[in-house]
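To start, the structure itself, in structure tokens.
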Amino acid sequence: MRKQIVAGNWKMNNDLPQTQLLIDDLKKQKLTSDAEVMIAPTFTNLWHAFEAFRQEHIEVIAQNMHFSESGAYTGEVSASMLKSVGIETVILGHSERRAYFNETDEMLAKKVDAALKNGMRVIFCFGEELADRKAGNEENVVESQIKNALFHLDGDDFKNIVLAYEPVWAIGTGETASPEQAQDMHAFIRNTLDNKFGKDIADAVSILYGGSVKPNNAVEIFSKPDVDGGLIGGASLKAEDFFAIVNAF
Ligand code: PGA
């Protein structure tokens, strides 16, 4: 049975007082599904959020990290720094990191290695742009993103990898992939893993969908057999909306 996961990516939102308000609201919500719940506040609020959720069923995760252990990388944060404030999971390869901070597949392969070496779990994001889909090229793009960043791994490493398919044209746009488009791509991703690592591994990896998931479309998207959860941006900033999505399972 694959893990069902719903992760909220707060992006560059919420200073410390706002983070506390959202934490208070989240603590009032009732979890009625078996999904694992995660939230990703910005770096400055990770420790505070980790402490606040210590006794709760919400895991606090990071939005990014550097691939080096330490050194002269001004403004960066390493895996061991994240671990030292209780963080066990990191989102890597988000399309905003790729687009605005020039993260390449090669760099992401190094980040994945660094996270795994430190015993962390990775939520690895990828997805095609609108032009790729219009050209009917979405599967090639997704396949090469997965190959370039993950195909050097051992099958065993996939115990600590979660995939997040996020079509760039659906992120923050209010436009979602249809449940059928999401299912088709997730099945393609699983098949790509099957061809390289075998069926047992492909069947065990959780594949999340991200891109304008809201309370009113989550049930339908999550009902698809290869969709194992969601990576939620905008709707994760409101506790009621986020939990409506979590409880859609
Ligand atoms: P969105 O963001 O839910 O606001 O579209 C998703 C994401 O960036 O992970």
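As the structure lists them, so they are numbered: ligands from 1, and atoms in each ligand from 1. The basis for the numbers below is simple: all heavy atoms, side chains too, and nothing from hydrogens, waters or symmetry mates.
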Sub-4.0 Å heavy-atom contact, Lys11 with ligand 1: yes
Which of the ligand 1 atoms, numbered from 1, are nearer than 4.0 Å to a heavy atom of Ser212: 1 (P), 3 (O), 5 (O)
Ligand 1 atoms in contact with Gly211 (distance to a heavy atom under 4.0 Å): 5 (O)
Lys/Arg-Asp/Glu bridge criterion (N-O < 4.0 Å) met for Glu106, Lys110: no
Which of the ligand 1 atoms, numbered from 1, are nearer than 4.0 Å to a heavy atom of His94: 7 (C), 8 (O), 9 (O)
Atoms of ligand 1 close to Gly234 [distance to a heavy atom under 4.0 angstrom, numbered from 1]: 1 (P), 3 (O), 4 (O)
Neighbour count >12 (heavy atoms, 6.0 Å) for atom NZ, Lys134: no
Gly210 heavy atom under 4.0 Å from ligand 1: no
By ring pair (Phe, Tyr, Trp, His ring centres under 6.0 Å) - contacts of Tyr73 (at least two apart): His66
Show me the donor-acceptor pairs, under 3.5 Å and distance only, between side chains in residues 221-235 and residues at least two apart or in other chains.
from: Ser223; atom 1: OG; to: Glu220; atom 2: O; distance (Å): 2.6
from: Asp226; atom 1: OD1; to: Arg190; atom 2: NE; distance (Å): 2.5
from: Asp226; atom 1: OD2; to: Gln183; atom 2: NE2; distance (Å): 2.8
from: Asp228; atom 1: OD1; to: Arg2; atom 2: NE; distance (Å): 2.9
from: Asp228; atom 1: OD2; to: Arg2; atom 2: NE; distance (Å): 3.1
from: Asp228; atom 1: OD2; to: Arg190; atom 2: NH2; distance (Å): 2.8
from: Asp228; atom 1: OD2; to: Ile207; atom 2: N; distance (Å): 2.8

Which of the ligand 1 atoms, numbered from 1, are nearer than 4.0 Å to a heavy atom of Gly172: 1 (P), 4 (O), 5 (O)
Lys/Arg N to Asp/Glu carboxylate O, Arg121 vs Glu36, below 4.0 Å: yes
Shortest non-hydrogen separation from Glu96 to Ile171 and the atoms involved: OE2-CG2, 3.7 Å
Polar proximity ligand 1 side, Lys214 side, N/O cut 3.5 Å exclusive: no
Lys/Arg N to Asp/Glu carboxylate O, Lys111 vs Glu103, below 4.0 Å: yes
Check: Asp25 main-chain N/O paired with Gln29 side-chain donor or acceptor under 3.5 Å: yes
Backbone or side-chain N or O of Gly233 under 3.5 Å from ligand 1 N or O: yes
Sub-4.0 Å atoms of ligand 1 with respect to non-hydrogen atoms of Leu231: 6 (C), 9 (O)
Residue Ala170 vicinity, atoms of ligand 1 by number, heavy atom under 4.0 Å: 5 (O)
Nearest-contact summary for atom 9 (O) of ligand 1 - protein heavy atom, Å: Glu166 OE2, 2.6 Å
Ile232, any N or O under 3.5 Å of ligand 1 N or O: no
Crowding at CG, Asp15 (>12 non-hydrogen neighbours, <6.0 Å): yes
